[in-house]
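These notes concern the structure reproduced below.
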There are 2 protein chains.
Amino acid sequence: MAHLSSQQACDVCPIRTRAVCAHCETDELAELEGIKYYRSFEAGQVIVWAGDQMDFVGSVVSGMAGLTQQLEDGRTQMVGLLLPSDFLGRPGRRVAAYTVTATSEIVLCCFRRKPFEALLAQSPHLSGRLLEMTLDELDAARDWLLLLGRKSAREKIASLLVILARREAALSRQRPKGRFAIALPLTREAMADYLGLTLETVSRQINALNREGVITLEGKRRVIIPDFEALVLESGDDSDGGLPA
Amino acid sequence: MAHLSSQQACDVCPIRTRAVCAHCETDELAELEGIKYYRSFEAGQVIVWAGDQMDFVGSVVSGMAGLTQQLEDGRTQMVGLLLPSDFLGRPGRRVAAYTVTATSEIVLCCFRRKPFEALLAQSPHLSGRLLEMTLDELDAARDWLLLLGRKSAREKIASLLVILARREAALSRQRPKGRFAIALPLTREAMADYLGLTLETVSRQINALNREGVITLEGKRRVIIPDFEALVLESGDDSDGGLPA
DNA sequence: GGCATGTGTTGATCTGCATCAAGGTAGGAA
DNA sequence: TTCCTACCTTGATGCAGATCAACACATGCC
């Protein structure tokens, strides 16, 4: 079951500078501290079911989760990736629109929904940051549309690895370059659901990239990228990821 | 070329209650009136090129446009549909991220970017509505991810028709039911780019739905839906579209 | 130990949609 | 009128990735 972690101070928080609270002043932070609590989940646990009442919103502190949508016959598509600093939940909406599942161990910093909404209405620092993050997510979703609509299986896998590498690097305010190692905090099936593929195709393509030396598998959940630029080339788009140089 | 239309008063505007200005008070509207101007484009014209400097944001008053992304080898994916009341542009961003193309004749209500941003910072009515609209667009993009990742060509076409019908009905504050007629303000190629298909497949599937009586083609750009619920069934998901009953 | 369960790999075969190719139709210009 | 151009349709063929199936390996439980 979900597990209530002990309180931590915001000023030592690893996502302090990137999360929804990033622009908050000391007094606003104090307000947030008052309505926050931590929860952790094991890999595979469902955090929220689509259609459930949701009495909190929050930020991912560590680990990873996926937003998932389903057709009645069971076909599943992951429609969002929640990585550290990403925001979970929609203020103003009582009922969850998507099922949220932990794909790895995860720690959330949760805010009670009602008081958070009140704070949001008062604080331009908070609402401005949320708008910015939502626009970023929309851009990410649009990149994902291009991936799902037009990329080959091999390009999809390469793109996913590029995204994970960029996100991992961003946490330490870097950009990936040359040799780079990343964790794969998802099963083959979760990757398939994210990429619009079957798990067999995911497995085959990952192993193909491994055989050809584009990546080096280290166990099943860890990947060495010997040459990041070469991987980007395999992903189909040679954009630089949009980070300021 | 783009054509500057004459000024119109906000209180007779057809999108007054749904656009970014929906929650504004009279004084805020007056400010907006001061920085707004109309532009119209013909079907097929490019409104903004990705990478171009963009000195305005704005709302679609009538007609339709598409946001488009491309891989270097030319593969194209539409990543957003702009219908009446939808917002164009990202406040805080100087450079357009996507190419915007009119897929039909279109009229835009444009605001100069700088003064709009200033207004946005002052007016919670404006910024709140923009956040709400951005969240709605994110939800729509996520539905689109499910469509691109997991639906068959036939389901994709049916889904597009359902969306167009819902949007058309929403403008007159209705929901589609029973017999319903809609315009197709896009070419087969634009539909293909939106659905992640080829134009040949789009043509075949539309004509198959026509032969089977799920839809009735009236010319090439107009469709009668004899039974809306039957079409929804073909689209794969039987959600009700999320509108309040 | 033996067994069940979750996860990942690999092979054989099938199929939905892409690709390649040829025509058809409507509207505008000359 | 005729031609041109954009847009759409229809047919034949090929292939990337799905599907079906078997097995490998690790972990935890009895």
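Order of the sequence lines fixes the chain letters, A, B, ..., with proteins taken first and strands second; residue numbering starts at 1 for each chain.
Environment of CD in B:E105: sparse, with no more than 12 heavy atoms of neighbouring residues, nucleotides or ligands closer than 6.0 Å. Environment of CD in B:E189: sparse, with no more than 12 heavy atoms of neighbouring residues, nucleotides or ligands closer than 6.0 Å. Around CD of B:E234, the count of heavy atoms belonging to other residues, nucleotides or ligands within 6.0 Å exceeds 12.
Applying the ring pair (Phe, Tyr, Trp, His ring centres under 6.0 Å) rule to pairs touching residues 197-233 of chain B yields nothing, sequence neighbours excluded. Among residues at least two apart or in separate chains, ring pair (Phe, Tyr, Trp, His ring centres under 6.0 Å) pairs with a member in residues 163-204 of chain B are B:W144-B:Y194.
B:R211 places its CZ atom 7 Å from the P atom of D:dT10, with the value rounded to the nearest Å. The NZ-P distance, from A:K151 to C:dA18, rounds to 18 Å in whole Å. Per the geometry, CG belonging to A:L186 stands 19 Å off P belonging to C:dG6, to the nearest Å. Rounded to an integer number of Å, the gap from B:L148 CG to C:dC17 C1' is 15 Å. A:R150 places its CZ atom 13 Å from the C1' atom of C:dT19, with the value rounded to the nearest Å. Distance, A:I206 CD1 to C:dG8 C1': 10 Å, rounded to whole Å. The CG atom of B:N210 sits 13 Å away from the C1' atom of D:dC8 (whole-angstrom rounding). Atom CD in A:E189 sits about 14 Å away from atom C1' in C:dT5, given to the nearest Å.
Within residues 193-204 of chain B, the residues having any heavy atom closer than 4.0 Å to DNA chain D are, in order of number, B:L199, B:E200, B:S203, B:R204.
Comparing C:dC17, C:dT9, D:dT9 by their closest approach to the side chain of A:R188 singles out C:dT9. Distance from the side chain of A:S152 is smallest to D:dG17 among C:dT7, C:dC17, D:dG17. Distances from the side chain of B:T187 to the nucleotides C:dT7, D:dT9, D:dC7 place D:dC7 closest.
A salt bridge is defined here as a Lys NZ or Arg NE, NH1 or NH2 lying under 4.0 Å from an Asp or Glu carboxylate O, and A:R75 with B:D237 fails to meet this definition.
For B:R204, there are no side-chain hydrogen bond (donor to acceptor under 3.5 Å, both in side chains) partners at least two apart in sequence or on another chain. Scanning for side-chain contact (heavy atoms from CB on, under 4.5 Å) contacts around A:A43 gives an empty result, with sequence neighbours left out.
B:R154 comes within 4.0 angstrom of nothing in the nucleic acid, heavy atoms only.
Put simply, B:R221 has a side-chain N or O that comes within less than 4.0 Å of OP1 or OP2 on D:dC8.
You'll find the side chain of B:L108 reaches within 4.5 Å of the side chain of B:V60, heavy atoms only.
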Protein N or O to nucleotides 23-27 of chain C N or O, pairs below 3.5 Å:
none

